[in-house]
Visitor: 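Quick one: the structure is below, and I'll ask about it shortly.
Numbering starts at 1 and runs along the sequence shown.
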Amino acid sequence: MADTTARAAGKAPTAAHVRHGEHVDTIESVDAVFREQRKLSFTYGAIFFAVTLAIPAASVWWEDWYAKPIWGGFTANYLFVSLIYYVFLWVMAWTYSKQADKLDEKLAHMAEEIAAQSQGGEEA
């Protein structure tokens, strides 16, 4: 609404609404989604960092982790690093991607609501 008022007065639109074709973003909506994205990224980064550091830490603290064969001469450490760790990384990447997509959808819905409010204000 401020955007249309500013245009009617012959002034440039305010920074509160940014139009990208039919898509409208507000500073508040983008900031809210970016805060959630930072939280999501930090959480997944911390999980990755903790699991990655747990591998050598387990080798320091538990001899059975790296020295005792559990299947065909393979140790738990070797099996984890050669197989389970990669499955963990793929699952983590997939879940992160799904969560990030949800945040994108949230921003798109916010933009649609803002556009609907703007059009409602223009008609009045």
Side-chain angles (χ1 to χ4, degrees):
M1 189 164 154
D3 189 28
T4 55
T5 306
R7 283 186 192 168
K11 299 177 184 175
T14 64
H17 292 85
V18 179
R19 289 192 178 273
H20 304 284
E22 294 298 315
H23 184 78
V24 180
D25 291 335
T26 63
I27 293 171
E28 295 82 13
S29 66
V30 172
D31 187 50
V33 173
F34 279 8
R35 269 188 269 118
E36 290 183 40
Q37 179 63 47
R38 280 191 299 268
K39 186 170 66 172
L40 179 69
S41 297
F42 180 77
T43 301
Y44 276 80
I47 292 169
F48 168 77
F49 191 65
V51 170
T52 301
L53 285 181
I55 296 168
S59 296
V60 169
W61 291 316
W62 300 302
E63 186 176 339
D64 288 346
W65 175 252
Y66 70 89
K68 182 180 174 186
I70 58 171
W71 176 67
F74 294 117
T75 64
N77 185 20
Y78 182 81
L79 286 175
F80 184 83
V81 171
S82 65
L83 179 65
I84 298 170
Y85 187 65
Y86 292 104
V87 172
F88 159 74
L89 292 177
W90 277 100
V91 168
M92 194 169 103
W94 183 80
T95 57
Y96 176 84
S97 175
K98 293 297 177 188
Q99 292 295 322
D101 287 346
K102 286 181 185 177
L103 289 177
D104 285 344
E105 288 291 323
K106 184 176 181 178
L107 181 60
H109 290 302
M110 285 181 180
E112 290 169 3
E113 291 171 9
I114 292 164
Q117 290 173 355
S118 295
Q119 289 175 356
E122 289 175 7
E123 293 173 3

Visitor: Can you name the nearest heavy-atom pair linking L103 to L40, along with the distance?
Guide: CD1-CD2, 4.1 Å

Visitor: With no hydrogens and no angle check, just 3.5 Å: does a side-chain donor-acceptor pair link Q99 and T95?
Guide: no

Visitor: Is there a chain of hydrophobic side chains (I, L, V, M, F, W, Y, each step under 4.5 Å between heavy atoms) that links I84 to F48?
Guide: yes

Visitor: Quick one: closest heavy-atom pair of S59 and N77, and the distance?
Guide: OG-ND2, 3.4 Å

Visitor: Are any of the side-chain heavy atoms of S97 and D101 separated by less than 4.5 Å?
Guide: yes

Visitor: Do V51 and L79 belong to the same hydrophobic cluster, where Ile, Leu, Val, Met, Phe, Trp and Tyr are linked whenever their side-chain heavy atoms lie under 4.5 Å apart, directly or via other members?
Guide: no

Visitor: If you round to the nearest 0.5 Å, how far is OG1 of T52 from OH of Y85?
Guide: 2.5 Å

Visitor: Under a single-linkage definition using a 4.5 Å side-chain heavy-atom cutoff for Ile, Leu, Val, Met, Phe, Trp and Tyr, are V81 and Y78 assigned to the same hydrophobic cluster?
Guide: no

Visitor: Any side-chain heavy atom of F80 sitting closer than 4.5 Å to one from W65?
Guide: yes

Visitor: Considering non-hydrogen atoms only, spot the tightest contact between S41 and Y96 and give its length.
Guide: OG-OH, 3.0 Å

Visitor: Give a yes or no on whether F88 and F74 share a hydrophobic cluster (residues Ile, Leu, Val, Met, Phe, Trp, Tyr; joining criterion: side-chain heavy atoms under 4.5 Å apart).
Guide: no

Visitor: Would you kindly confirm whether I55 and L89 end up in one hydrophobic cluster when ILVMFWY residues are joined by side chain heavy atoms under 4.5 Å apart?
Guide: yes

